[in-house]
Each structure stands twice: as structure tokens, then as C-alpha cells.
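Structure first, then comments.
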2 protein chains.
Amino acid sequence: MLLVMSPSAPSPQQPPSRRIAEELRKRIERGELAAGDKLPSERALAEEYGAARNTAREAVRILAEQGLVTAKHGKGVFVRQPQRLFRFGSDRYSIKNRETGLTPFRLEAKRQGKTARIDVLSITREVPPADIAERLQVSADDASVVHRENHYFADDEPVQIVSTYIRWGEAQGTLLMQPKSGPNGIYGRLEELGHVMTRVRDEISARMPTPHEAALLDLLPGVPVLEVLHTSLDQNGEPFEVTRYVHRADQTGLLYELPVEQPTPPEAQ
Amino acid sequence: MLLVMSPSAPSPQQPPSRRIAEELRKRIERGELAAGDKLPSERALAEEYGAARNTAREAVRILAEQGLVTAKHGKGVFVRQPQRLFRFGSDRYSIKNRETGLTPFRLEAKRQGKTARIDVLSITREVPPADIAERLQVSADDASVVHRENHYFADDEPVQIVSTYIRWGEAQGTLLMQPKSGPNGIYGRLEELGHVMTRVRDEISARMPTPHEAALLDLLPGVPVLEVLHTSLDQNGEPFEVTRYVHRADQTGLLYELPVEQPTPPEAQ
DNA sequence: GCTTCCAACTGGCTTGAGCCACTTACTGGC
DNA sequence: GCCAGTAAGTGGCTCAAGCCAGTTGGAAGC
């Protein structure tokens, strides 16, 4: 039983909304529509492609989901500007940076000519989330940690949400419970408690934001977040502090520079 | 002129589709709908909330965009399973791993009980993209590099797209132009050329996939990608190889473990 | 028992209509 | 000159209806 194919339609039959989205994507990639340019209105697109407005609208939604364009209510749809990434380097943990008296965030902001702002949202004793408890080696059933939540801004735009967890037993009654944690910040206090930051472990993942995070970070549709689960290890290899960073991925990136372990001579340590 | 507010509606007036999406999200977070469970059908949701099917459908779309649920044509909409992350550790560059004879990817796959497959897609001389040329310190106007494109699979599921760039001048006529690049892979050959990998620099960002990447990686809506731009530096601090990794973020993560630079004693080296 | 077919379910996508909210520029009054 | 008002344009969102395409399970035929 043979079916004769219609001689037309050599393409794999895409639905109209996707076809329109792809056409627009090509126009953007070819530079016919540059960053910042306004796309034709939904009604204009509909007419141009002989489709309903909803179909044109769906095409725009697809592009927005890909992070290519941004709609502004009452104004139009615009090609998104590729943002200069705010890089968080692995030297942000470097102790020598403390000598400047600036936190790594303020340092990086200054380097990029932006003003930094850090809001201390809360400092509370809490029951830790499971992943935190596991890494900090504390109980996930008791209020075994202190949680410091900070929000970071560059030029008054929210950039990252930072949640730091420290053992309650160590923080209790110290400056670690205060917004102003003293010289060299919390790492200064933790060092006084006998924890010298010797190694760090950063676990990195990416995902779409929760609605709560999207609101806090002022995120547009189609922008994921970078999540870094950071563990500080002291001179004995013991974890003494765990921090969860949630970055907006359209404005921030990470940079790790590290030495490569060379092969050990046979039989030697 | 005073307006008397209707005594109801204390909430900030969310549109129905978002309200439905939020209700469903709460049901999932409360565990009433567990991972793998099937949501009510679009038609059922519409009736339940007294809305049109399109509105219920929009609610489901919002959840899919957040990566919470996945629609399967003809079957239904299901709560997404949190996947065990395939972790790429910073020791993947460690030379001591070469002793096993396994590439880091095969090693990690074995550790997780999965079968690894690596497809060599192409090995071609090319004009490098601007970001690559800058990092490899070659011309972005000539065909100055060799581009090796590989696709990595775990249990036959695509996991990452890897594009490695090497200087054409060094690769020309060597095993670096061959799919089987000999003992210890390309790093073995590059070492013979006098480049001992001494430091690495990884630049990490997250974004939504292009349609092309989404197809290659078999990505569902609402799943971002992790992009790692990796530069290998030799004993002289010179870059000799740059690789772009594109990971699917729902199944992979990165792990960096590194020593913290201690403060240098004043005036000493 | 086996297979084939079909009905009823699922999501995928489009249509065309309508109302709302935000933005902009122009117009008219003062 | 200034300001208020308005009209026209934009996206945001919903509706009701319809057809298509996978999926599933049971009924009918062999």
C-alpha cells in the first residue's frame, strides 16, 4: 500500500506559531532586528503571516521563553540586550582580598563601575533544609543552624540571593547573630572560633526560578537562575559554613581558575 | 471622591490562569501530587475552576515553564521527577585520572552505573567564534582552529555537547585531526607538543537552549542549559585549548573543589 | 487465543472575538 | 505656556469552539 506524498511541503510541517517564531529568530540572527529593536506588533505579525493574533502572540511567547525578546506592556516587544555578565571569580574566597576591606561583591561591583548594596534580610535560628544539614553535618530535625539571608544589588538591580548557614552552637551569642558581624565579616568571626577556610566546595546547578525568586530578582520570562551550594572546609577538612547563592543568569556568571593536580610520582606521597 | 471597595477580593487580583497555576503548585509542594503523578486533564481543570480549556491550558504551560511538570501528548501532564544530577567535578581535568585509562566522563558514568557513549560528530578546520578566538589567542578572521565536536550520552540519553578548539598550526597532520586521538586522548597529544596542562579557567553561565540545542539534547520546555567555557593553560601560562561544554541542566551539575589562597606573609614571596 | 479496529481519552494548536491596562502623542482649554 | 483629557496604539488575558495527533483499552472478528 503506497501513499503518494503531496509534491509540496518538503519541510517537516511545523505549526504556524513555530514557523513564525523561527522566521523572527532568523531575522534577529541575521541582524535585521538588532538588540533593542522593536518587533512588529502582534496584530501586524498576524496580518503579515495571515494568522490569528493569538497565533502571532504564541510565536512571540516562544521567543520570550528562549530569552530572545522581552515584551513591555503598552510599548511593544523588543530584542533583548545581551548583558555584560557580572563574574563571580573563585578568588572571591581568597583571604588576600580581605586586605582591601571590601567584600568580594563590592570589589567586583567597583571593578565594573556599579554601586553595590547589600540588604540583610534576616538572621534567625532555624531547622536547616536537608541539603544544608547534610553538608554542614548537623541535624535536619532540630533548629541546629543560624540562617543569614542577604540580598545583593548592583545599581539597585537585584543580582543574587544569598543564604548562609552556620552552626547554632557556634553562632550563639556572637557577632554572627548581628547584621554587622565585625572586621572581615563572618569569616573573621569564624576564624576566631578556630575555623580557617582552607578549602571550598562549590556545587553548581541551573534551573528555572520559583515564582518567589522571580519576583525577588525581578526576572523576566526565559531567564534561568544559577544555584551555587557552597561549603567552606577548615584546616581539619571539617565543614563549618554552607551558603546557597541564587544568581540571576542573565546578568551573572561564575569564573573558576584552578591548578591541575599533577601526577604523583609512583609510590611517593 | 471616594470609591467604596467591594468587601471581597483582598488578594491582589491575579488573572485566573496564574491563580490555577499557583493552586496546582501548592498541591505539588504539599505533596498531594507527588513526583510522577498525573495532573487532572486540561478539560477537567477547566471545569473544576470554571474556566475555559485554554485558560487551564495556560496554567499548565506556566508550570511547565517553571520546570515543575511535563506534558506527554496523548497521555497527560505529569509532575516532573527530580533527577539525580550527573556531577562533573573539577578533578575531571586531573591528570591522575588518566591512569585509569578512562576519560572523566566514562569514569563518572561508571560511578553512577550508567553506560557512556561518545559520538565524534566532526573534526574540521574552521574560523573560530569570537569568544573562542579571544581565549585561544588566535585570529577570528582566518580558519585558525580545528574544531572537534562531540556528543556525550549516558544510557543513550544525550547529556552534553562538547566543542573543542585547538590551534590549526599545532593540530595539522597529527592525531588531533583523527577521531581516535591516541593514548590519553587529545591532552596526550598536546603534551607531546609541549603543553602540560597546569591551570584551567572555567567560565560558567546558564541560559535557555537554542532550538537546535533543545533538539540535540532532547530537552523539555522549562529546562535551561549550563554553558562552560573552558580554557587550558600550559606551564607557561599560555592557553593551548579551549572547549565549550553545553550541559542539560536537569541532569547535570558541576562540582568545584579548590584550595583557598592563604594570605602571603608581608614582604615575602 | 490472537489480531485488528475503533471509540474515547489525552494534549497540541488555531481561530476570531472581546475586554482590559499601559503608553504615547496630540488636542483643546485655560 | 501649561495642563488635562482623549484617541490610538501596544501587550495581557480570556472565551468558546473546533480540528488534529498520540494513547489506550475494549470490542469484534478471525
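Heavy-atom basis, side chains included; hydrogens, waters and symmetry copies ignored.
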As a test of reading the structure: which of C/dA21, D/dC13, C/dG11 is closest to the side chain of A/His73, going by heavy atoms? C/dA21
Select from A/Lys72 and A/Asn54 the residue whose nearest nucleotide in DNA chain D is closer to the 5' end of that strand. A/Lys72
Between C1' on C/dC9 and NZ on B/Lys38, what's the gap in Å once rounded to a whole number? 9 Å
Ignoring the backbone of A/Arg43, work out which of C/dC19, C/dC13, C/dG16 is nearest its side chain. C/dC19
Look at all strands and tell whether A/Val77 reaches a base, only sugar-phosphate, or nothing, counting heavy atoms closer than 4.0 Å. sugar-phosphate
Take atom CD of A/Glu58 and atom P of D/dG12, then tell me their distance rounded to the nearest Å. 13 Å
Phosphate-side-chain proximity, B/Ser41 and C/dT10, N/O vs OP1/OP2 below 4.0 Å: yes
CD of B/Glu42 versus C1' of C/dT14: gap in Å, rounded? 14 Å
Is it the case that B/Gln66 and B/Arg25 place a side-chain donor and acceptor less than 3.5 Å from each other? yes
Base D/dG12 to side chain A/Arg61, donor-acceptor N/O within 3.5 Å cut-off: no
Starting at the 5' end of DNA chain C and moving along, which residue's nearest nucleotide shows up first, A/Ala52 or A/Gly74? A/Ala52
Rounded interatomic separation in angstrom, taking CG from B/Leu45 and P from C/dG12: 13 Å
How many whole angstroms separate atom CD of B/Gln14 from atom P of C/dA21? 15 Å
Per atom distances to the A/Arg57 side chain, the nearest of D/dT24, D/dG12, D/dC15 is D/dG12
Would you say the side-chain atoms of A/Asp202 and A/Tyr256 include a donor-acceptor pair closer than 3.5 Å? yes
To the nearest Å, give me how far apart OH (B/Tyr49) and P (D/dT14) are. 14 Å
Among C/dC13, C/dC19, D/dT14, which is the nearest nucleotide to the side chain of A/Pro16? C/dC13
Say whether B/His147 and B/Ser163, considering side chains only, have a donor N or O and an acceptor N or O under 3.5 Å apart. yes
C/dA17 P sits how many Å from A/Glu47 CD, rounded? 14 Å
side-chain contact (heavy atoms from CB on, under 4.5 Å), that's the test. Do A/Leu220 and A/Arg80 meet it? Break it down for me. CA-CA 11 Å; A/Leu220 300 166; A/Arg80 202 173 280 183; 3.7 Å; yes
If the cut-off is 4.0 Å, is B/Arg18 near the phosphate of D/dC13, judged by side-chain N/O to OP1 or OP2? yes
State whether A/Thr55 places a side-chain N or O below 4.0 Å from either non-bridging phosphate oxygen (OP1 or OP2) of C/dC13. no
When the aromatic ring centroids of B/Tyr152 and B/Phe86 are compared, is their separation below 6.0 Å? no
Nearest-neighbour nucleotide for the A/Lys75 side chain, C/dT23, D/dG11, C/dT14 considered: C/dT23
Atom CG of B/Leu39 and atom C1' of C/dT10 are separated, to the nearest Å, by 13 Å
